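Worksheet: one structure, shown below.
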Amino acid sequence: MKNVSTLPCLIARSLALFGDSWSMLIMRDAHAGLTRFEEFRKSLGIAPTMLSNRLATLTEEGLLEKRRYSKRPCRDEYLLTPEGLDLLPVLLALAVWGRKHRGGGEFARFYDVEAETEIDLVSIDRATGAPIGTRPLRLARPSAPLGESDNDGVRPIT
């Protein structure tokens with residue numbers, strides 16, 4: 001099996017960091033203000049060993065920063081780093097997709113605290129102003145010039 005963390009695809013490299021849904025859910029909870037091991041464990045219902053491993057990875061990868069808040073007993077909290085804060089739009093984009101395609105029944109919602117409104121995320125291309133997904137896309141591999149493409153105009157992600 002290929003090590004996707006070294007592929008030229010940034011989606012593959014990013015997904016290699018998370019490995020499974022637990023890491024993304026930890027990041028969701030960190031953005032919701034949880035910082036302590038027991039808070040994460042209670043929120044997620046995750047086994048302590050698995051939670052420890054995921055928190056260690058997220059810390060090693062620079063998404064969370066571990067800080068000691070108690071010496072006796074030894075207790076740490078996990079705070080979002082600037083890199084971790086940058087993940088919020090990705091999490092919200094997943095929530096938008098989930099609401100559209102997996103939203104049956106009750107589900108959690110995200111609110112802007114100051115405006116007291118539900119977040120209604122829209123992804124916009126900065127250069128064109130067009131909403132993402134409304135215009136055709138092309139993936140250019142690093143070895144191909146930007147203008148080159150396969151016969152159908154789309155390069156597969158590998």
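Not measured: the values here are computed from a predicted model. We're numbering straight along the sequence, starting at 1.
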Worksheet entry | Hydrophobic cluster identity match, V90 and L121, side-chain contacts under 4.5 Å | no
Worksheet item: Are the side chains of F110 and E118 in touch, meaning some heavy atoms are under 4.5 Å apart?
Response: no
Worksheet entry | E116 vs Y111, side-chain contact (heavy atoms from CB on, under 4.5 Å): CA-CA, chis, key distance, verdict | CA-CA 6 Å; E116 296 182 355; Y111 286 87; over 6 Å; no
Item to complete: Could you note down all residue pairs passing salt bridge (Lys or Arg N to Asp or Glu O under 4.0 Å) where residues 57-67 supplies at least one of them, sequence neighbours left out?
Response: E65-R67, K66-D76
Item to complete: Would you sort out whether I26 and L64 count as a side-chain contact (heavy atoms from CB on, under 4.5 Å), showing the intermediate values?
Response: CA-CA 10 Å; I26 290 167; L64 296 174; 4.3 Å; yes
Worksheet item: Can you hop from M27 to L92 via hydrophobic side chains spaced under 4.5 Å?
Response: no
Worksheet item: Is there side-chain contact between S23 and T57, with at least one heavy-atom pair below 4.5 Å?
Response: no
Worksheet entry | Same cluster (ILVMFWY, side-chain, under 4.5 Å), M50 and L34 | yes
Worksheet item: Can you tell me how far the CD1 atom of I132 sits from the CG atom of L137, to the nearest 0.5 Å?
Response: 7.0 Å
Discussion item. Does R68, at its CZ atom, have more than 12 non-hydrogen atoms belonging to other residues, nucleotides or ligands within less than 6.0 Å?
Written reply: yes
Determine all donor-acceptor pairs shorter than 3.5 Å in which one atom belongs to a side chain in residues 36-46; sequence neighbours excluded.
from : atom 1 : to  : atom 2 : distance (Å)
E38  : OE1    : R41 : NE     : 2.9
E38  : OE1    : R41 : NH2    : 2.8
E38  : OE2    : R41 : NE     : 3.3
E39  : OE1    : T35 : N      : 2.8
E39  : OE1    : R36 : N      : 2.9
S43  : OG     : D29 : OD2    : 2.6

Worksheet item: At what distance, to the nearest 0.5 angstrom, does OG1 of T59 lie from OH of Y78?
Response: 6.0 Å
Worksheet, complete the sentence: On a heavy-atom basis, the closest approach of E83 and L63 is O-CD2, 3.8 Å
Worksheet item: Got a second to check how far L91's CG is from H31's NE2, nearest 0.5 Å?
Response: 5.5 Å
Worksheet item: With the 4.5 Å side-chain cut-off for hydrophobic clustering, are M24 and L15 part of the same group?
Response: no
Worksheet item: About how many Å separate CG of L25 and CG of L51, when rounded to the nearest 0.5 Å?
Response: 11.5 Å
Worksheet entry | Distance-minimising heavy-atom pair for S14 and L10 | OG-O, 2.8 Å
Worksheet item: Are the side chains of F18 and L87 in touch, meaning some heavy atoms are under 4.5 Å apart?
Response: yes
